[in-house]
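For ligands, and for the atoms within them, numbers begin at 1 and follow the listed sequence. Side chains are part of it too, since the values below use all heavy atoms of this structure and drop only hydrogens, waters and symmetry mates. Numbers for residues simply follow the sequence, beginning at 1.
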Amino acid sequence: MKQRELFTKTIKENPKDEKSINAQLLIRAGFIDKLGAGIYSYLPLGLMVIENIKNIVREEMNKIGGQEILMPSLHPKENWEITGRWNVEEMYKIKDNNLGLGWTHEEIITPLVKKYTSVFPKYIYQIQTKFRNEPRAKSGILRGREFLMKDLYSFHTSESDLNDYYEKVKEAYFKIFKRCGLKEKTYLTLASGGAFSSSFSHEFQTVTDAGEDIIYICKNCGQSFNREIFESKCECGSTEFEEKKSIEVGNIFKLQDKYSKLFGMDNIVMGCYGLGITRMMGAIVEVFNDEKGIIWPKEVAPFDVHLLELDTDASEIYDNLQKEEIKVLYDNREKSAGEKLNDCDLIGIPIRIILSKKTLEKDCVEIKKRGTDELELVKIKKLTEFIQNEL
Ligand code: ATP
Ligand code: MG
């Protein structure tokens, strides 16, 4: 894509009404736009990142048997009265219509699965917009009032089957975090069962100062505990912990028969498995940035390479890279070298390629990976091969 064709542009100044790094950088670099507190538009570059994350999540969910569906955002009051959750503060309500905007989907998925199947287990998921009346929407896309979540629900005829599947989902989540670059920073954390059950749930907590949670990581065995259940002694016997600020990117629960019972499904136990798509995008930016901008991990980056032409024409290189299905953002705007370089660092595509008169004299382009300072000259003839080895 030619950068000049983007209808958005980069912004020099930090937006005054945003304190979080993720919102500041994403707005300045042209990935998102703020409409109101906790409400954002995803612009072309931002949507590319979202689609990359969604595809990673989708692939890993399909590998563990997930069937994808899409449920509505508008929910009839009756469904929520069955579970007694119509009056929770999260729910946005549409007065006079007896409709609410979905903030989770147990009330919809349970009767839906009951209606269509009597053969179990079944694993159903969606990637969908959730609405939540969040009083503290101050962390950019980490906490939206409208946001994208992947929610998976599993239905089983025995608790042991639920337990087995629960472990599979844990593994799938870590594959997702690995592909999104977050694995090293993300801890499986024991947390309370919340409103659903008396037992524990598991959170996937990514360590970052932008986080609103506190976790305690056992220095001996690596087990992590949410502050809300932390008891200063680990199951392994150790009493030494590291305290870290973190953001919950995923949360998995064994719902047991709470919802299946209420909706009249006999002898069925359920699990639910949430993962924040837009929150993960924000967490990635919080973890991977420097004073110049964002540093996208490869698999989620909007493009593979950012091609900059300085005082010459790189259109042939652009065409050749594209022929090889390398995703290129091509900057042939009439701007100063400084502006192009600054935008490139701000946007944060993994590989920068510069063609200038100077490099052309040597039949080369200059390559720099975002996040490093090393410059490398590569022969133009060898460029596609070089890039393909990097992907
Ligand atoms: P939190 O404790 O951070 O408020 P939660 O426990 O209410 O989150 P869940 O109901 O478990 O969240 O939702 C599943 C996932 O959806 C979360 O792990 C998170 O990644 C994402 N999520 C929840 N609320 C928001 C939000 N307001 N904005 C963006 N993502 C969210
Ligand atoms: Mg939670």
May I ask you to list the atoms of ligand 1 that are less than 4.0 angstrom from any heavy atom of Gly144?
26 (C), 27 (N), 28 (N), 29 (C)
At less than 4.0 angstrom from any non-hydrogen atom of Met149, what atoms of ligand 1 do you find?
13 (O), 14 (C), 16 (O)
Are any of the N/O atoms in Ile141 less than 3.5 Å from those in ligand 1?
no
Tell me the nearest of Glu90, Glu248, Lys130, Met281 to atom 2 (O) of ligand 1, using heavy-atom distances.
Glu248
For the residue pair Glu286 and Asn22, confirm or rule out a side-chain donor-acceptor distance under 3.5 Å.
yes
Check: Arg143 N/O within less than 3.5 Å of ligand 1 N/O:
yes
Tyr42-Ile277 co-clustered via ILVMFWY side chain contacts under 4.5 Å:
yes
Check whether the side chains of Asn62 and Tyr125 place a donor and an acceptor atom closer than 3.5 Å, and report yes or no.
yes
Under 3.5 Å side-chain donor-acceptor pair for Glu309 and Tyr330:
yes
Glu134 heavy atoms within 4.0 Å reach ligand 1 at atoms 24 (N), 26 (C), 27 (N)
Ile64 and Ala172 have their tightest heavy-atom pair at CD1-CB, 3.9 Å
For the residue pair Thr83 / Tyr259, report whether a side-chain donor-acceptor contact shorter than 3.5 Å exists.
no
Against heavy atoms of Val249, which atoms of ligand 1 measure under 4.0 Å?
18 (O), 20 (O)
What part of Leu142, side chain from CB on, backbone N/CA/C/O, both or neither, has a heavy atom under 4.0 Å from ligand 1?
backbone
If you count the atoms of ligand 1 from 1 in the order shown, which ones are under 4.0 Å from a heavy atom of Asn251?
6 (O), 11 (O), 18 (O)
Considering Arg145, Arg136, Arg279, which one's heavy-atom position lies nearest to atom 3 (O) of ligand 1?
Arg279
Heavy-atom closest contact (Ser139 atom, Ser20 atom, distance)
C-OG, 3.6 Å
